[in-house]
Amino acid sequence: MSRATEPRRLTKAEARRIWLHAQRLDTSEPFGAGPEAVAAAVDHLGYVQIDTIHVIERCHHHILYSRIPAYARADLRQAQSVDKSVFEYWMHALSYVPAKDFRFFVPAMREHRRNGHKWFASVKPEDTRKVMRLLRRDGALTIRDIEDDVLTEKEHLWQSRKPSKRALQLAFYGGEVTISERTGMLKTYELMTRHFGWDKLPKPAKSAEITAYLLDRALRSQGVVSLDSICHLDAPSKPAVRRLVEARVRRKELVPVALEGAGKQEHWARPEVLEANPSAGEGDGPVHILSPFDPLVIQRKRTELFFGYGHRFEAYVPKEKRVFGYFALPVLVGEDIVAAIDLKTDRQKGKLLMQKWSWVGKGAARAARKDYKRRIEEELHRFERFQLAD
């Protein structure tokens, strides 16, 4: 191998610092406050995952709170429904994505319009015509606004039994309608063009542009990337992404990285990112109680490689087999994940309940626990106020 392509060796500690900086978890207020901060955070991260579980605050609010200390739920509503700087669409899960990136999703929308969606194969044309007619005539609506549905059997676990809701969801994947507002998890559907004030959908991005978008999004939010991290749950994109990575390496726009402990798994980074590798913080960085769906945690193998911590999402694990608890939250202190805390919000009594506290990583060393515990408990008080705020 020539010196021009010699991999840059990177320790796990160095890689963690780069990733934490890319995730903006190494500073207290990276995006400011208000709806503009929500738009900036979603833009930088590329997406913020949505989930229905409400043991504590739902993950889309939680992820934003971790990067916007003054975050209020109304800020996300403003960004989605008024400013229209973010919209909902499918990544590896339903997510908020930047509205400015809309054209990168148009090809997938067209594909769903041509071929349908595997989850909604039973949707009948008359059901789709019904909901589209109601939207055009009456304006935005929720599923509660549609009457006279005859319930049908579910074809998969998360499917609605109401044909009209299935039709709305199919129209959502096809880009004909969007979710213009959420009240809790109740969605308001609106015609896509009417919501954004368009005559027609934006021109779709070309395949080469989509490939570059996937790579650039990962480089921005991950710092050090692998093929798996760029194409998380998107295996069909891997060949094109690999070709683009190799081309950028040849142009010296990317540098191969030999990451400690990664074995044969290849990693890459921008040269300027490696040169600006943040210095060690000696554990004095911010404390974050993270969502199990946070971008720092959602790719479990990557998190274990970088942090030596294998997060387990145990909500669907039998109680007797759980290690960390039903809804354990990883706790980041500075550069290390040191604990996993299983919490539950009792909204009627106005309390954040501690179910289980597990020390992991550096927190497993008893000598370090006193300082960690003090700092984590301080953050738990702030976290409780966020949980219970209107």
Side-chain angles (χ1 to χ4, degrees), residues 24 30-54 56-106 108-109 112 131 134-135 138-145 158 160 165 168-198 200-202 213 217 221 291 293-295 298 386-387 389-390:
R24 298 300 188 258
F31 299 109
E36 297 82 5
V38 168
V42 175
D43 184 29
H44 179 81
L45 297 173
Y47 73 94
V48 167
Q49 185 170 332
I50 300 168
D51 197 83
T52 60
I53 297 178
H54 202 207
I56 62 164
E57 184 52 86
R58 292 185 175 97
C59 71
H60 39 289
H61 294 303
H62 188 170
I63 292 167
L64 291 167
Y65 161 83
S66 294
R67 293 157 178 85
I68 306 170
Y71 173 74
R73 295 157 187 81
D75 295 338
L76 178 56
R77 182 190 178 279
Q78 172 84 18
Q80 178 176 21
S81 304
V82 182
D83 301 343
K84 301 173 186 176
S85 56
V86 302
F87 76 106
E88 297 185 28
Y89 203 65
W90 189 261
M91 303 286 288
H92 67 269
L94 187 61
S95 303
Y96 288 102
V97 292
K100 72 180 187 59
D101 293 345
F102 190 93
R103 68 191 189 96
F104 297 107
F105 298 89
V106 175
M109 294 173 180
H112 288 311
V131 297
L134 289 173
L135 279 166
D138 301 331
L141 55 80
T142 73
I143 192 61
R144 295 177 184 173
D145 299 321
W158 296 279
S160 172
K165 184 170 183 180
L168 281 168
Q169 290 171 314
L170 181 59
F172 166 83
Y173 281 101
E176 296 173 275
V177 306
T178 191
I179 298 166
S180 60
E181 185 176 357
R182 277 181 181 264
T183 304
M185 293 304 287
L186 179 65
K187 306 169 189 175
T188 298
Y189 291 89
E190 174 62 290
L191 297 175
M192 182 75 79
T193 50
R194 191 161 63 197
H195 174 70
F196 282 108
W198 297 334
K200 57 183 179 180
L201 296 186
Y213 170 70
R217 183 180 67 195
S221 62
S291 166
F293 301 102
D294 194 278
I298 196 62
F386 163 66
Q387 294 294 311
D390 292 335

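Predicted model, so just to flag it, every value in this text is computed and none were measured.
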Practice prompt. Could you walk me through whether D138 and D145 pass the side chain to side chain contact (heavy atoms under 4.5 Å, CB included) test, one step at a time?
Written response: CA-CA 10 Å; D138 301 331; D145 299 321; over 6 Å; no
Item to complete: Determine, step by step, whether F172 and Y189 satisfy the ring pair (Phe, Tyr, Trp, His ring centres under 6.0 Å) criterion, reporting the C-alpha distance in whole Å, the side-chain angles of both residues, the deciding distance to 0.1 Å, and the verdict.
Response: CA-CA 8 Å; F172 166 83; Y189 291 89; 7.1 Å; no
Item to complete: Apply salt bridge (charged side-chain N to carboxylate O under 4.0 Å, His left out) to D294 and R67, showing your working.
Response: CA-CA 11 Å; D294 194 278; R67 293 157 178 85; 2.9 Å; yes
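By the 4.5 Å heavy-atom criterion applied to side chains, L170 and H112 are not counted as neighbours. Between K84 and H195, some side-chain heavy-atom pair lies under the 4.5 Å cut-off. Two residues are said to be in side-chain contact when any heavy atoms from C-beta on lie closer than 4.5 Å; V48 and L64 meet this criterion. With contacts defined as side-chain heavy-atom distances shorter than 4.5 Å, the pair R217/D101 does not qualify. Side-chain contact check for V97 versus V86: every heavy-atom pair is 4.5 Å or farther apart. For the pair R182/I50, a side-chain contact is recorded, criterion being any heavy-atom separation below 4.5 Å from C-beta on. Side-chain contact between M192 and M109: present, with at least one pair of heavy atoms (C-beta onward) separated by less than 4.5 Å.
Residues H92 and Y47 place their aromatic rings such that the two centres sit under 6.0 Å apart.
F87 CZ to K100 NZ: the interatomic distance, rounded to the nearest 0.5 Å, is 11.0 Å.
Using a 4.0 Å cut-off between charged nitrogen and carboxylate oxygen, K187 and E88 do not count as a salt-bridge pair. Salt bridge annotation for R58-D51: absent, with no cationic side-chain nitrogen under 4.0 angstrom from a carboxylate oxygen.
Ring pair H62/F386 is tilted by interplanar angle, where 30° to 60° counts as tilted. Using the six-membered ring where Trp is involved, Y89 and F105 have ring planes that are perpendicular, over 60° apart on the 30 and 60° scheme. Relative ring orientation between H44 and F31 is described as tilted, the plane-to-plane angle lying within the 30° to 60° band.
Checked by atom type, the side-chain pair Y65/E57 shows no donor-acceptor distance below 3.5 Å.
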